[in-house]
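So the structure is just underneath, and the comments pick up after that.
For the numbers below, each heavy atom of this structure counts, side chains included, while hydrogens, waters and symmetry mates do not.
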Amino acid sequence: MIYSTATVPVNPAGDTRLTRAQLWAGLIQKARDARLFLPPGVCTRCEILEESNTHFVREATIAGDDIREIITLEPERKVTFFQATGPREGVIINEVLEDAEGELHLRFYCFLGLRDKAPGGPEEQAEQAQFDSGYHAALLSTLMRTRELLADGKL
């Protein structure tokens with residue numbers, strides 16, 4: 001089982017402040033089209049197949065893997081990506097938190113397994129290391145891209 005988590009402040013000193021609504025708009029954009037948030041060439045396809053007020057289903061090709069995800073929305077609070085098909089099974093969550101001083105934080109966490117691989121085996125250990133090292137940077141990148149979209153009037 002792969003478990004990883006990272007949390008970053010949304011509005012560190014020196015950065016353009018994001019409101020909860022603006023952050024949420026960025027998270028929705030990321031869920032709808034990962035190509036806007038991942039490095040060029042990492043996500044080569046991202047399509048919404050079905051949607052309702054509470055969820056949507058997307059298919060994407062990310063890092064060469066074809067995946068289908070059911071994405072649930074808890075407005076201005078949480079986006080949950082259920083891995084329906086692809087190399088991983090489980091869930092990835094992006095959550096907006098507020099501390100005692102009213103400052104926003106963005107938290108990532110996941111509970112995943114690798115399909116057709118031994119639990120705790122070398123493949124899963126490698127995935128664990130990738131999640132542990134990469135998702136702090138991914139959160140910062142998400143915030144940076146959200147600020148760029150806001151500055152460009154695309155949020």
For Asp116, what residues pass the side-chain hydrogen bond (donor to acceptor under 3.5 Å, both in side chains) criterion, not counting sequence neighbours?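 So Asp116 forms no side-chain hydrogen bond (donor to acceptor under 3.5 Å, both in side chains) with any residue.
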
Just to verify, what does Glu89 make a side-chain hydrogen bond (donor to acceptor under 3.5 Å, both in side chains) with, not counting sequence neighbours?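 Checked Glu89 against side-chain hydrogen bond (donor to acceptor under 3.5 Å, both in side chains); zero matches.
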
With a 4.5 Å cut-off on side-chain heavy-atom distances among I, L, V, M, F, W and Y, is there a chain of contacts connecting [X] to [Y]?
| X | Y | answer |
| --- | --- | --- |
| Leu140 | Tyr109 | no |
| Ile92 | Leu97 | no |
| Val91 | Leu114 | no |
| Met1 | Phe131 | no |

Please lay out, stage by stage, how Phe108 and Thr5 fare under the test side chain to side chain contact (heavy atoms under 4.5 Å, CB included). CA-CA 5 Å; Phe108 155 87; Thr5 188; 5.5 Å; no

Using atom types as modelled and distance alone, determine if a side-chain donor or acceptor of [X] lies under 3.5 Å from a backbone N or O of [Y].
| X | Y | value |
| --- | --- | --- |
| Ser141 | Ala137 | no |
| Gln125 | Gly120 | yes |
| Gln22 | Thr19 | yes |
| Arg58 | Ala31 | yes |
| Asn11 | Leu18 | yes |

Does a salt bridge link [X] with [Y], judged by any charged N lying under 4.0 Å from a carboxylate O?
| X | Y | result |
| --- | --- | --- |
| Glu123 | Arg115 | no |
| Arg20 | Glu98 | yes |
| Arg88 | Glu127 | yes |
| Lys117 | Glu124 | no |
| Glu59 | Arg45 | yes |

Applying side chain to side chain contact (heavy atoms under 4.5 Å, CB included) to Leu106 and Thr142, what does each step give before you reach the verdict? CA-CA 10 Å; Leu106 182 57; Thr142 295; 4.3 Å; yes

With side chains defined as the heavy atoms from C-beta onward, is the minimum distance between [X] and [Y] less than 4.5 Å?
| X | Y | value |
| --- | --- | --- |
| Asn94 | Lys30 | yes |
| Asn53 | Leu73 | no |
| Val96 | Leu27 | yes |
| Val8 | Leu143 | yes |

Among Ile, Leu, Val, Met, Phe, Trp and Tyr joined by side-chain contacts under 4.5 Å, find the other residues sharing a cluster with Met144 and list them by chain and number. none

Besides Ile62, the hydrophobic cluster formed by Ile, Leu, Val, Met, Phe, Trp and Tyr side chains linked at under 4.5 Å, directly or via other members, contains Leu38, Val42, Ile67

Which atoms form the tightest heavy-atom contact between [X] and [Y], and what is the distance?
| X | Y | value |
| --- | --- | --- |
| Arg147 | Pro12 | NH2-CD, 4.2 Å |
| Asp132 | Ser4 | OD1-OG, 2.9 Å |
| Asp65 | Pro87 | OD2-CG, 3.5 Å |

Give the C-alpha distance, both sets of side-chain angles, the deciding distance and a yes or no for side chain to side chain contact (heavy atoms under 4.5 Å, CB included) between Phe82 and Ile71. CA-CA 6 Å; Phe82 294 94; Ile71 300 169; over 6 Å; no

Is there a donor in the side chain of Asp33 and an acceptor in the side chain of Gln29, or the other way round, less than 3.5 Å apart?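 Result is no, nothing qualifies.
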
Between the side chains of Thr85 and Arg68, is a donor N or O closer than 3.5 angstrom to an acceptor N or O? no

Tell me, please, which residues at least two apart from Ala129 pass side-chain contact (heavy atoms from CB on, under 4.5 Å).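 None.
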
Taking CG in Asp152 as the centre, count heavy atoms belonging to other residues, nucleotides or ligands within less than 6.0 Å. Is the count above 12?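 Counting neighbours around CG of Asp152, more than 12 heavy atoms of other residues, nucleotides or ligands fall under 6.0 Å, so yes.
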
What pairs of residues pass the ring-ring contact (aromatic ring centres under 6.0 Å, His included) test when at least one of them lies in residues 34-59, not counting sequence neighbours?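 Passing the test, one end in residues 34-59: no pairs.
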
